[in-house]
Amino acid sequence: MSETKKRPSWDEYFISMVDEAAKRATCDRGKSGAVIVKEKRILCTGYVGSPPGFPHCDEVGHLLKKVIDEDGTVRQHCVRTIHAEQNAISQAARYGIPLDGATLYCTMEPCRVCAMLIISVGIKKVIVKRRYHAGQDTRELFKEAGIELIVMENEVQEYSNQ
């Protein structure tokens, strides 16, 4: 008798595609991917990378900036690239794809700027693999905007030179 293989749920299916998109990332500090879906159809994808025509971290190195949190914690962010969520939203804008009512799948909770973009374009649900170390602002913004946030693994995403 053959073994029955469990079919992945739609959320499991799309979150696995986030990992595939992340493989295209050109900044090794936070290899993230994003997939935007509506009615079980992929609208667009994105990954961490430089804007078209600009050099990538993989080619010329990181462009790191220090950020000081309110509690005094100093973090480094690479500003050469745009985030996976920003990249996916930009692709939709470039090709005239409306995102109102869509679901965003991504590697970790979006940063504050990405959260504001997500709210602005009308995405209604965000499903992430892991938490983001600075995700509290995002959680508050999503709650205020009525955006459902689902975290699949309740652990904080770690990456180099954080």
Side-chain angles (χ1 to χ4, degrees), residues 14-38 42-100 102-123 125-142 145 147 149-162:
F14 291 123
I15 207 78
S16 73
M17 291 185 177
V18 166
D19 291 334
E20 288 302 310
K23 290 178 183 176
R24 294 272 312 148
T26 61
C27 180
D28 65 2
R29 292 188 69 251
K31 286 197 174 268
S32 295
V35 176
I36 302 178
V37 173
K38 190 169 184 180
I42 296 172
L43 301 178
C44 53
T45 64
Y47 52 85
V48 174
S50 297
F54 282 70
H56 296 287
C57 296
D58 290 353
E59 300 163 346
V60 296
H62 300 293
L63 182 57
L64 297 174
K65 299 288 181 175
K66 288 186 180 180
V67 175
I68 302 173
D69 293 339
E70 288 179 14
D71 67 1
T73 303
V74 178
R75 301 187 188 281
Q76 291 195 89
H77 289 274
C78 182
V79 297
R80 185 175 306 288
T81 59
I82 60 175
H83 294 178
E85 302 90 336
Q86 295 166 356
N87 202 337
I89 290 169
S90 296
Q91 290 301 311
R94 187 176 200 152
Y95 296 105
I97 301 168
L99 301 179
D100 193 43
T103 297
L104 169 72
Y105 294 85
C106 52
T107 303
M108 66 183 118
E109 290 172 302
C111 71
R112 181 181 176 83
V113 171
C114 287
M116 291 189 294
L117 288 170
I118 289 162
I119 293 165
S120 294
V121 299
I123 290 171
K125 187 175 188 179
V126 177
I127 299 175
V128 302
K129 287 186 76 168
R130 292 178 209 90
R131 297 227 175 258
Y132 174 51
H133 68 268
Q136 186 59 39
D137 281 351
T138 293
R139 291 189 285 277
E140 291 169 9
L141 286 168
F142 283 175
I147 293 175
L149 174 65
I150 297 172
V151 179
M152 297 186 84
E153 301 170 14
N154 195 21
E155 62 184 55
V156 176
Q157 177 77 34
E158 298 286 335
Y159 50 92
S160 65
N161 295 322
Q162 196 169 351

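None of these values were measured; they are calculated from a predicted model.
- Pro98 has its side chain out of reach of Leu43: every pair of non-hydrogen atoms, C-beta onward, lies at least 4.5 Å apart.
- Residue Tyr47 holds its OH atom at 8.0 Å from CD of Gln91, rounded to the nearest 0.5 Å.
- Among His77, Arg29, Arg75, the single residue meeting the side-chain contact (heavy atoms from CB on, under 4.5 Å) criterion with Leu64 is Arg29.
- Within the 4.5 Å cutoff, side-chain heavy atoms of Ile118 are placed close to those of Ile89.
- When the options Thr45, Thr81, Ile82, Val48 are evaluated for a side-chain contact (heavy atoms from CB on, under 4.5 Å) with Asn87, the one that passes is Ile82.
- The nearest pair of heavy atoms linking Ala25 to Lys31 is O-NZ, 2.9 Å.
- Side-chain contact between Asp28 and His62 is present, with heavy atoms from C-beta onward closer than 4.5 Å.
- Residues Leu99 and Cys44 come closest through the heavy atom pair CD2-SG, 4.3 Å.
- Under the 4.5 Å side-chain criterion, counting only non-hydrogen atoms from C-beta, Met108 is not in contact with Val128.
- With rounding to the nearest 0.5 Å, the separation of CZ in Arg130 from CD in Glu155 is 5.5 Å.
- Looking only at distances, no side-chain donor or acceptor of Arg80 sits under 3.5 Å from a matching main-chain atom of Pro55.
- When all heavy atoms of Ile36 and Ala88 are compared, the pair lying nearest together is CD1-CB, 3.8 Å.
- In this structure, SG on Cys106 lies 12.0 Å from OH on Tyr132, to the nearest 0.5 angstrom.
- Atoms CG and CZ, from Leu141 and Arg112 in turn, are 4.5 Å apart once rounded to the nearest 0.5 Å.
- Two residues are said to be in side-chain contact when any heavy atoms from C-beta on lie closer than 4.5 Å; Asp19 and Lys129 meet this criterion.
- One N or O on the side chain of Thr138 and one on the backbone of Pro110 form a donor-acceptor pair closer than 3.5 Å.
- For the side-chain contact (heavy atoms from CB on, under 4.5 Å) with Phe14, the qualifying choice from Ile127, Val37, Leu104, Thr103 is Val37, the only one to do so.
- Arg139 pairs with exactly one of Ile147, Val151, Leu149 by the side-chain contact (heavy atoms from CB on, under 4.5 Å) rule, that one being Leu149.
- Of all the heavy atoms in Gly135 and Glu109, the pair that sits closest is CA-OE1, 4.1 Å.
- Across all non-hydrogen atoms, the minimal contact from Ala21 to Gly33 is CB-CA, 4.1 Å.
- Using modelled atom types, no side-chain atom of Lys125 and backbone atom of Ile150 make a donor-acceptor pair closer than 3.5 Å.
- The shortest side-chain heavy-atom distance between Met17 and Ile42 falls under the 4.5 Å cut-off.
- The two residues Ala102 and Ile123 have their closest heavy-atom pair at O-CG2, 3.3 Å.
- Here the CD atom belonging to Glu85 is positioned 15.0 Å from the OH atom belonging to Tyr105, to the nearest 0.5 angstrom.
- In this structure the side chain of Cys27 never reaches within 4.5 angstrom of the side chain of His56, judged on heavy atoms.
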